[in-house]
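Everything on this sheet refers to the single structure shown next.
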Number of protein chains: 2
Amino acid sequence: MEVGICKQDMLQKKKNAVLVDGVILNGPIMDSKAGEKFVEEACKIIMEEVIQKANDVTEKVCEWRAPETLKKILDLEMRDTGESHQKLLQLCQDVIQYSVKTSHPRFFNQLYAGIDYYSLVARFITEALNPSVYTYEVSPVFLLVEETVIKKMIEFIGWEEGDGIFNPGGSVSNMYAMNLARYKFCPEIKEKGLSSLPRLVLFTSEECHYSMKKAASFLGIGTENVYFIKTDERGKMIPEELEKQVQRARKEGSAPFLVCATAGTTVLGAFDPLDEIADICEKHGLWLHVDASWGGSALISRKHCRLLHGIHRADSVAWNPHKMLLAGIQCCALLVKDNSGLLKKCYSAKAAYLFQQDKFYDVSYDTGDKSIQCSRRPDAFKFWLMWKALGTTGLEERVNRALALARYLVEEIKKREGFQLLLEPEYANVCFWYIPPSLRKMEDGPEFWQKLHEVAPIIKERMMKKGSMMLGYQPHRGKVNFFRQVVISPQKVCLKPTCGLMSLKV
Amino acid sequence: MEVGICKQDMLQKKKNAVLVDGVILNGPIMDSKAGEKFVEEACKIIMEEVIQKANDVTEKVCEWRAPETLKKILDLEMRDTGESHQKLLQLCQDVIQYSVKTSHPRFFNQLYAGIDYYSLVARFITEALNPSVYTYEVSPVFLLVEETVIKKMIEFIGWEEGDGIFNPGGSVSNMYAMNLARYKFCPEIKEKGLSSLPRLVLFTSEECHYSMKKAASFLGIGTENVYFIKTDERGKMIPEELEKQVQRARKEGSAPFLVCATAGTTVLGAFDPLDEIADICEKHGLWLHVDASWGGSALISRKHCRLLHGIHRADSVAWNPHKMLLAGIQCCALLVKDNSGLLKKCYSAKAAYLFQQDKFYDVSYDTGDKSIQCSRRPDAFKFWLMWKALGTTGLEERVNRALALARYLVEEIKKREGFQLLLEPEYANVCFWYIPPSLRKMEDGPEFWQKLHEVAPIIKERMMKKGSMMLGYQPHRGKVNFFRQVVISPQKVCLKPTCGLMSLKV
């Protein structure tokens, strides 16, 4: 171990050493110079191996190893004594080598990708400062930044006022909203719980994110009390079906309290018709939450914000700038139209050790009690620095470009033999089948679909092992395995037919 | 805006430009060279202004500005067009300048402090790679690392096997545990919810963290169904009182299901008697969760692990290595004794788009469905790299040193006029009053305490504005405002009487 000083040496050097319980107190436990040097050397590796290679399409997306092999390559075990800096730097190299390069131009596997240099810098600052965002005294800058960012996001939603909180993920945002709607419906739940209450029921579409079920289960509502509303062939909630289900719930004697619409579904990228859903919510006095974790970023684009028409009528919105806008994982806001302090009333526990009321500054800036967390990361900050750097126009370009790329991809798929579009996308999710030559002349029927179902996993395996591309696939509501490609990376895209996406026939 | 290339230029340069919806697709939207240079320059600032100054006791802990002033200094507004790199670098400087230096040797305000170079490097790697930890295909290294770290933590708890998940905060860990205990008690809750069930009741001490209330409210249990058990004068749960309350709950016809003991309370640093509590839990068939978010790190020390005697009998444990071990915010594990897949059964939603079952590798490595989150950060990684660097012995030294510093502080407080210890600490929380000269000869009585109550906020204000030190204070269970000091930073500590803590009489 390079860092750390031998106790004997120190005792000899320091005659006035203060020894308590076998520990020398008045000496550094760390060699900070060596530590700083280690950070510098590691930063060089990060710069060369991750950041500079992010743009390089000739690099592998991943250096695939099976779990058992990778365990052997990486020296995972933690031992009694530490490793040398040299060994540790090698370890950092290995970690990078065998990790997936999510910023690679051909990483299309999830709803995030790419690298944004400004967000990255903000994240490095965050890690170095190591703040926790709950009180103004500990996080003055980050709390003001969060307030500013939330205000700006609220403008794009179209509310005149509101409130919000950044939290660790769209799933958690949805939980926040569900609990907030429930609190609004019956504030007593905070103290009394659900046991004496009628069965609470919420509504969301069949195409919603799986976090709806997780939230209902976690919050004690129960997954059976999530009524899934039928969608049309494009994956959009059918308002008439919602109306029917609300009436059914009322007839059953249960207590409907919430509709969760989705703006940008995970698989198909569908947008629920918010205006019509808002009408139904108003009529029945239901909270309207919009899960715009994926689709929210379209609000930044004057061209594409119409996809979320009616969102200003929502009571709460989940929106993840870490997806299409590239703010870095995680950057997720829950935004709430209410400005009467509902978020705080619902979530506060008034811990006296943290939220002292006799502070010398305006304690309304101590916003941590709006959170289900205690320590919380300043996720708004990276979005803020990126926004400062690119301007709203730069963010808008990012969205427009992603959707133009999707459009291009769709047209190419239509032209090309062996590719079949699942449906015309509304958003950036391009869903398609690749039909290998052996299946192209087969008759449509169960056997064809069964065989086609096996194609995507096989191609995915080949691409992974080659490191050429990462692309998600899934079966979905009766449809056999198909690819879902989302191109949001701002890096150079190669459109040559022999390259990238178009070379699926590996 | 320096980054970004003028469209006209590009069109002229590229004759084969592909234009879709007004967007040129086959060109870089970012100037990556300029971006990389920006990252390099910002890293230099971070190195000089944050990392190298972390050890410097002559620097200010914070450059305090009131909210309204700070808003004016920082140019918070996000505009349509972006800012120049020069302006952005200045902004980074400002953010750093006006942020609290939580790694400063005199930051004693929370239960975290200091800087660890290895954890920091791991965090930089994480931010550059931008992974999300749910499937092996996307996060091969980080999932294996998490598995290894959890296994090792479980060893220190003393379980033969187990499971676990890193998540965003001790509060969230406690929620996980509460929901898991409830699921174990009645698996039907996942689908049915709580509405038809008897009133669920859980028990925790009066000194527990406020997240218990937040969790009970969030999970639909209700804060009134948290039965707070009396503690002794040191803040430890009284087992006989627990027994009484369990019996009371049974008589009421409610359904007790969980005891949450605390190992290291937030304010006093008290450890509940786990062995005796485990006896009661066994007798009544209750799940035992130990919130060792703060105290868990003592498990690493052969000298101090006795504080958690009996923890191996717990069903679940929350443990935050980001506190005393300095792994960086956030680094929090929920550990579960059950090894039959309870965590997965309780939390899974089986999203087909993410957790495909026809993958080409062993999908048991896709552990994301154990989580309430979808995207999740690889928080185990920073702990792992730090552990590799320091070895178990290095981590142990960190704990031993923190507790030796607490011991030293206690002895100094006892010696010094005007300082009064609240109680002999069990752990690293040193709670004391500073009695200013004007109050030293005053008679003990309501007036004395009322005046003393006002002292800590005033001293805190002075220290904050001077930037000399940050120290938490709070009133607590009938006791007027007192300071709580926790010395966990591994940096050099100055023990001169005129310096730091001992110069409170500013």
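Just so it is clear: chains get the letters A, B, ... in the order the sequence lines come, proteins before strands, and each one is counted from 1.
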Residue pair B:Tyr473 / B:Asn109, side-chain donor-acceptor N/O under 3.5 Å: no

Proximal component of B:Tyr353, with respect to chain A [non-hydrogen, under 4.5 Å]: both

Side-chain touch B:Thr223/A:Lys192, heavy atoms, less than 4.5 angstrom: no

Option in A:Asn481, A:Leu91, A:Val172, A:Ile189 with maximal non-hydrogen atom pairs under 4.5 Å from chain B: A:Leu91

Heavy atoms of other groups near B:Lys87 NZ, more than 12 under 6.0 Å: yes

A:Glu137 portion near chain B, given a 4.5 angstrom heavy-atom threshold: both

Atom group of A:Asp80 that falls short of 4.5 Å from chain B, counting heavy atoms: both

Residue pair A:Gln373 / B:Pro168: nearest heavy atoms and the distance that separates them: NE2-O, 2.8 Å

Segment of A:Ser211 engaging chain B (4.5 angstrom heavy-atom cut-off): neither

Parallel, tilted or perpendicular, as decided by the 30° and 60° cut-offs, for the rings of B:Phe218 and A:Phe218: perpendicular

Closest-packed option against chain B by number of heavy-atom pairs under 4.5 Å, given A:Arg199, A:Gln330, A:Lys350: A:Gln330

Engaged part of A:Cys374 at the chain B interface, taking heavy atoms whose separation is under 4.5 Å: both

Residue selection (most heavy-atom pairs with chain B, distance under 4.5 Å) from A:Lys460, A:Gln474, A:Arg123: A:Arg123

Check: A:Trp64 ring centre within less than 6.0 Å of B:Tyr361 ring centre: yes

Which portion of B:Leu143 sits near chain A, non-hydrogen atoms under 4.5 angstrom: neither

Residue part contacting chain B, namely of A:Ile372, when any heavy atom lies under 4.5 Å: both

A:Gln356 versus chain B, the contacting section by heavy-atom distance below 4.5 Å: side chain

Side chain, backbone, both or neither of A:Leu76 within contact of chain B (heavy atoms, under 4.5 Å): both

Contacting region of B:Ala128 [heavy-atom separation from chain A under 4.5 Å]: both

Aromatic ring proximity, centroids under 6.0 angstrom, A:His85 and B:Tyr117: no

Contact class of B:Val267 relative to chain A, heavy atoms under 4.5 angstrom: side chain

Engaged part of A:Leu120 at the chain B interface, taking heavy atoms whose separation is under 4.5 Å: side chain

Residue among A:Arg65, A:Met175, A:Glu77, A:Arg376 with most heavy-atom pairs under 4.5 Å to chain B: A:Met175

Among B:Asn225, B:Leu354, B:Ile125, B:Leu197, residue most engaged with chain A (heavy-atom pairs, under 4.5 Å): B:Ile125

Most contacts with chain A, counted as non-hydrogen pairs under 4.5 angstrom, among B:Leu200, B:Ile51, B:Val39: B:Val39

Structural part of B:Cys92 lying under 4.5 Å from a heavy atom of chain A: both

Residue part contacting chain A, namely of B:Leu74, when any heavy atom lies under 4.5 Å: side chain

Closest-packed option against chain B by number of heavy-atom pairs under 4.5 Å, given A:Glu454, A:Glu411, A:His209: A:His209

Minimum-distance pair of heavy atoms, taken over all atoms of A:Lys101 and A:Ile96: NZ-O, 2.8 Å

Side chain B:Lys214, main chain A:Tyr347, donor-acceptor under 3.5 Å: yes

Part of A:Asn320 lying under 4.5 Å from any heavy atom of chain B: neither

Selection from A:Met47, A:Arg407, A:His453, A:Lys213 maximising heavy-atom pairs under 4.5 Å formed with chain B: A:Met47

Contact class of A:Lys303 relative to chain B, heavy atoms under 4.5 angstrom: side chain

Distance-only polar pair, side chains of A:Asn400 and B:Asp21, donor-acceptor under 3.5 Å: no

Close aromatic pair by centroid cut-off 6.0 Å: A:Trp384 and A:Tyr118: no

Which atoms of B:Pro67 approach chain A - backbone, side chain, both or neither, heavy atom under 4.5 Å: both

Atom group of A:Ile458 that falls short of 4.5 Å from chain B, counting heavy atoms: neither

Interface moiety of A:Val50 toward chain B, non-hydrogen atoms closer than 4.5 Å: side chain

Aromatic contact, A:Phe381 with A:Phe142 (centres under 6.0 Å): yes

Part of A:Phe124 within contact of chain B (heavy atom distance under 4.5 Å): both

Heavy-atom contact with chain A under 4.5 Å, split by part of B:Met464: side chain

Structural part of A:Val121 lying under 4.5 Å from a heavy atom of chain B: both

Proximity breakdown for B:Leu129 and chain A, heavy-atom pairs closer than 4.5 Å: both

